[in-house]
Structures are given as C-alpha cells and as structure tokens.
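Note sheet for the following structure.
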Amino acid sequence: LNNVLPEQIVLRDIAWGLAGLNRWTAQGAHDFYVTDHAALVHELVKADPTARPIDLVGALIHDAPEYITTDISAPIKKFLSQFTDALERLEQHIESAIRRRFNIGEWNRELIHEYDLQAREIEREFQFGHKQKLERHYSYDRSNRFTRAAHYVELVGGALHHTHFSNSILNQSTST
C-alpha cells in the first residue's frame, strides 16, 4: 500500500471491487453499491451545464480508491480523522496512482462534492422506502455484480475517451 504503482491499476479490478461494495455499511433497506453511487453522481454532474468532460471522469472515480480501502461511512471516517489522517493519505495515494494510470487531469472537486452530497440525499430517501425515486436514475441492470461492474467500465471508458479526445482537440487548436 505504500507504493501503489500506476501499472498495477486495472479498471476491471476497480469496477469489480466497487460493484461488490454495498454502501451505507449494508444497513439500508435496499442494496446500493458504490458503482450505483458513482453512476448517480455521474448523471447529476452530466446534467450540469458548467461540467467539463474531466468532471464526468471525476464523478465516476471520486470513490475509486475504495476498491482497495472499502466503503467506510462518513461518520466513521470523521471519527477516525480525530486520531489519524492515515486513511485520507492512503486514499489520496491510491487516487494518485489511478490518475497517473489513466492520464487523468484535475477535475472540479467542489462540483463533484456538491453532487456527491446530492446523491447521498437521494440514496438516503431510497434507503427509507422511496425506491421509485432512485430507480428512475437507472436504465441498466443493477441486479448482479457482473452487470454493475460492466456498466461502470463502460461509463468510465466512455468518459475517459471523451476527455482525452477533448484534450487532444484543445491541444491541436492551441498549438496552431
């Protein structure tokens, strides 16, 4: 963990790990996985007219380090932060390796955080009996880990392709 290298990062591994991590410490009324959360944040960011292609990537991978660290609830993270910053440093280290592996630039962290909090509120409603409010956000099969992971890979791959394509167009236009 002290030396996570970019070449060790595999998108399928991230997707598989996140597709098996049930959010809300698995205490909610419904199963809801980190890949579902990422897809929801992505959808919310995508609807924002100020969002850039890199922000869509950020929406999808903002919790990607959890494929190694697991999904630790916010109250527990807050409690632990009183005693150590080791978890935060580890997540930053893993994120850095992921960013280097996929050549990902800096996304708007404030924008992603805003929609991460909105997604959390939508998820909270879902967990307390308003399943239809969340189900409308999903047009893919969430019923098994394989389909959740495959959908995540598809979303991330598309967002990365769009970001790199946009960057190459920008670089061409600024170099002439």
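Note that these values count all heavy atoms, side chains included, but never hydrogens, waters or copies made by symmetry.
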For residues 146-160, please give each side-chain donor-acceptor pair under 3.5 Å, one per line with the distance, not counting sequence neighbours.
unit_1, atom_1, unit_2, atom_2, d
T147, OG1, D141, O, 2.7
T147, OG1, N144, O, 3.0
T147, OG1, N144, OD1, 3.4
R148, NE, A19, O, 3.0
R148, NH1, R142, O, 2.9
R148, NH1, N144, O, 3.4
R148, NH2, A19, O, 2.8
Y152, OH, L60, O, 2.9

**Prompt:** Roughly how far, to the nearest 0.5 Å, is the OH atom of Y67 from the OG1 atom of T69?
**Reply:** 10.5 Å
**Request:** Check whether any side-chain N or O of H93 sits under 3.5 Å from a backbone N or O of V4 as a donor-acceptor pair, and report yes or no.
**Result:** yes
**Message:** Within the 4.5 Å heavy-atom criterion, are R145 and Y33 side-chain neighbours or not?
**Reply:** no
**Request:** Keeping the roles fixed (side chain from R101, backbone from Q8), state whether a donor-acceptor pair exists under 3.5 Å.
**Result:** no
**Asked** If you measure from OG1 on T163 to CG on N103, what distance do you get to the nearest 0.5 Å?
**Response** 10.5 Å
**Asked** Are I122 and E125 close enough, and set up right, to give a side chain to side chain contact (heavy atoms under 4.5 Å, CB included), and what steps lead you there?
**Response** CA-CA 5 Å; I122 293 168; E125 289 182 30; 5.8 Å; no
**Request:** Could you tell me which non-hydrogen atom of A59 sits nearest to which non-hydrogen atom of H62, and how far apart they are?
**Result:** O-ND1, 2.7 Å
**Prompt:** Roughly how far apart are T35 OG1 and I14 CD1, rounded to 0.5 Å?
**Reply:** 12.5 Å
**Asked** Residues two or more places apart in sequence or in another chain: which of them pass side-chain contact (heavy atoms from CB on, under 4.5 Å) with L111?
**Response** V45, D48, T50, A51, D55, N108, Y115
**Minimum heavy-atom distance between A119 and L44, given as atom pair plus value** = N-CD1, 3.8 Å
**Message:** Let me confirm one number: the CD-NZ distance from E91 to K77, rounded to the nearest 0.5 Å.
**Reply:** 3.5 Å
**Prompt:** So does E95 pair up with R109, basic N to acidic O under 4.0 Å?
**Reply:** yes
**Prompt:** Which other residues belong to the hydrophobic cluster containing L87, where Ile, Leu, Val, Met, Phe, Trp and Tyr are joined when side-chain heavy atoms lie under 4.5 Å apart, directly or via other members?
**Reply:** I72, I76, F79, L80, F83
**Prompt:** Going through the checks in order, is the side chain to side chain contact (heavy atoms under 4.5 Å, CB included) test met by I54 and E106?
**Reply:** CA-CA 7 Å; I54 190 66; E106 188 62 40; over 6 Å; no
**Prompt:** Would a distance-only check, ignoring hydrogens and angles, find a side-chain to backbone donor-acceptor pair under 3.5 Å from E121 to Q118?
**Reply:** no
**Request:** Check step by step if side chain to side chain contact (heavy atoms under 4.5 Å, CB included) holds for Q92 and E88.
**Result:** CA-CA 6 Å; Q92 289 171 352; E88 182 180 346; 3.3 Å; yes
**Request:** Starting from the C-alpha separation in whole Å, work towards a yes-or-no answer on side chain to side chain donor-acceptor pair (under 3.5 Å) for D116 and H37.
**Result:** CA-CA 8 Å; D116 186 40; H37 170 73; 2.6 Å; yes
**Prompt:** Between N22 and D31, is there a donor-acceptor pair closer than 3.5 Å when you use the side chain of the first and the backbone of the second?
**Reply:** no
**Item:** Gap between atom OG1 of T84 and atom CZ of R89 - 0.5 Å precision
**Value:** 6.0 Å
**Item:** Sidechain N-carboxylate O distance under 4.0 Å for E43, K46
**Value:** no
**Message:** Tell me whether R23 is salt-bridged to E123, with the criterion being a basic N under 4.0 Å from an acidic carboxylate O.
**Reply:** yes
**Prompt:** Side-chain contact, heavy-atom cut-off 4.5 Å: L90 with L1?
**Reply:** yes
**Asked** Distance from L11 atom CG to I98 atom CD1, nearest 0.5 Å?
**Response** 9.5 Å
**Message:** Measuring only between side-chain heavy atoms, which start at C-beta, is W107 closer than 4.5 Å to I61?
**Reply:** yes
